[in-house]
Amino acid sequence: MTITKTIVNVGIADTKTVRHPNTIRTLGLGSCIGTVLYDEKRGIAGLSHILLPNSSQARAANSNPMKYADTAIPQLLKMLQEQGARNIKAKMAGGAQMFQAGKGTSFMRIGDKNIEAVQEALRKLNIRIVSSDVGGNLGRTIEFDPGSSKLSIRKRNHDIYTI
Amino acid sequence: MDAFQLTAFQKDILKEIGNIGAGNAATSLSMLLGQKIDMMVPNVEIADFNEVIELVGGPEQPIVGLMFQIEGEITGVMAIVVEIEEAEYLVQKLTHNDQFRLSEQTDGAELDIAMSALSEIGNILTGSYLTALSDFTGMNLQPSVPHLGIDMAGAIMTVGLLEISQVTDYAIIIDTEIRQEEENHENIKGNFLFIPDPESFQKLFAKLGWN
């Protein structure tokens, strides 16, 4: 019997969950952050791809909560708990500064704000960050395997590595 | 304005903006390189963020992206997107050095030369695009300094979408492609993606008298 593995793709401002033996990934993270919450024992994980730090900046109603760190992380936790996940831990990657700040407006430095906002959201929920690969100035593609709890990261000019 | 309710007529106006702007930019590039540059019919798309990135080849596609913030009576973002080999060709032409190689691995002085040459091309092209647009609309538009990145399309393009992402989950994009071909070999294929902020559309349509 063959076991079919599926790779679940998470887009921008999106959040999804996955169970072993499937894996979950998001492609081309720049200043955005990919946050993985996972239950090692049960092989359940979820991935959120946020774009902005704080939903209070939203200038429009009915905005997608998965776009912001402060709203996406609690929702992801809830999704996982509903699927029976317990003892949830976190790994995170992204938050690069893709362009030199120079004279650009504040959004050119959004990476650092996103990192802080995700860390803050996790702290509020008492979720421990096991490992992270954030900052720098390169884009990242990340993939999480709930079987091994490893997050693999690919950047240009770098071999794939895991955290 | 609801981003989903562009009339066919409004779409035509936006296409005309692409025609006028990119047409002038293509002329500038043609003079710069001493070669004929073709322009495709502009495409006006209402796209969510993931679709915007698909327009330039998908999130992992290596690209050279030049991003300008536009300020003035109309605000928004102009992105010029080319593939790495095509950026290499542009640098070769501009520096008169056919041996120049640009790849994802290029760094140090070589990368500095490429960044400098490409930024200058970006300045000229964006300047031409906006001048034509400014003449057409009678509105004042200025580009920021260029922000240049060589990386995965997803990583680069999302930066250009951050400003509008605070207001909406969709972007209206005026996408115009320019090409230069020689003996059926494609040397340059570049896209101008003009992404006005949502509030700018009303101003634009009002100014042109087609509100």
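Each chain gets a letter, A, B and so on, in the order the sequences are listed, and its residues count up from 1. Below, each value reflects all heavy atoms present in this structure, side chains not excepted, and no hydrogens, waters or symmetry copies.
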Under the criterion side-chain contact (heavy atoms from CB on, under 4.5 Å), I'd like the reasoning laid out for R154(A) against E60(B): C-alpha separation, chi angles, the key distance, then a yes or no.
CA-CA 10 Å; R154(A) 197 172 68 77; E60(B) 287 199 296; 2.7 Å; yes
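Proximity to chain A involves both the backbone and the side chain of S165(B), based on heavy atoms less than 4.5 angstrom apart. Contacts of I53(B) with chain A are made by side-chain atoms alone, with heavy-atom separations under 4.5 Å and no backbone atom involved. Interface residue L29(A): only backbone heavy atoms are found under 4.5 Å from chain B.
Proximity of M98(A) to D151(B): side-chain heavy atoms (C-beta onward) are separated by under 4.5 Å at one or more points.
Of the inter-residue distances, the one linking N50(B) atom CG with I12(A) atom CD1 reads 4.5 Å to the nearest 0.5 angstrom. Put simply, CG on L162(B) and NZ on K67(A) are 10.0 Å apart, with the number rounded to the nearest 0.5 Å. Atoms CG and CZ, on D14(A) and F49(B) in that order, are 12.5 Å from each other to the nearest 0.5 Å. Atom CG of L27(A) is separated from atom CD of Q61(B) by 12.5 Å, given to the nearest 0.5 angstrom.
Of all non-hydrogen atoms in V159(B) and S31(A), the two that sit nearest each other are CG2-OG, 4.2 Å. Closest heavy-atom contact between M67(B) and F99(A): CE-CZ, 4.0 Å.
Looking only at distances, no side-chain donor or acceptor of R156(A) sits under 3.5 Å from a matching main-chain atom of P62(B).
Applying the side-chain contact (heavy atoms from CB on, under 4.5 Å) test to Q83(A) and every residue at least two apart in sequence or in another chain returns T17(A), R19(A), I44(A).
At a heavy-atom cut-off of under 4.5 Å, chain B is reached by N137(A), L138(A), G139(A), R140(A), T141(A) from residues 128-146 of chain A, listed in order of number.
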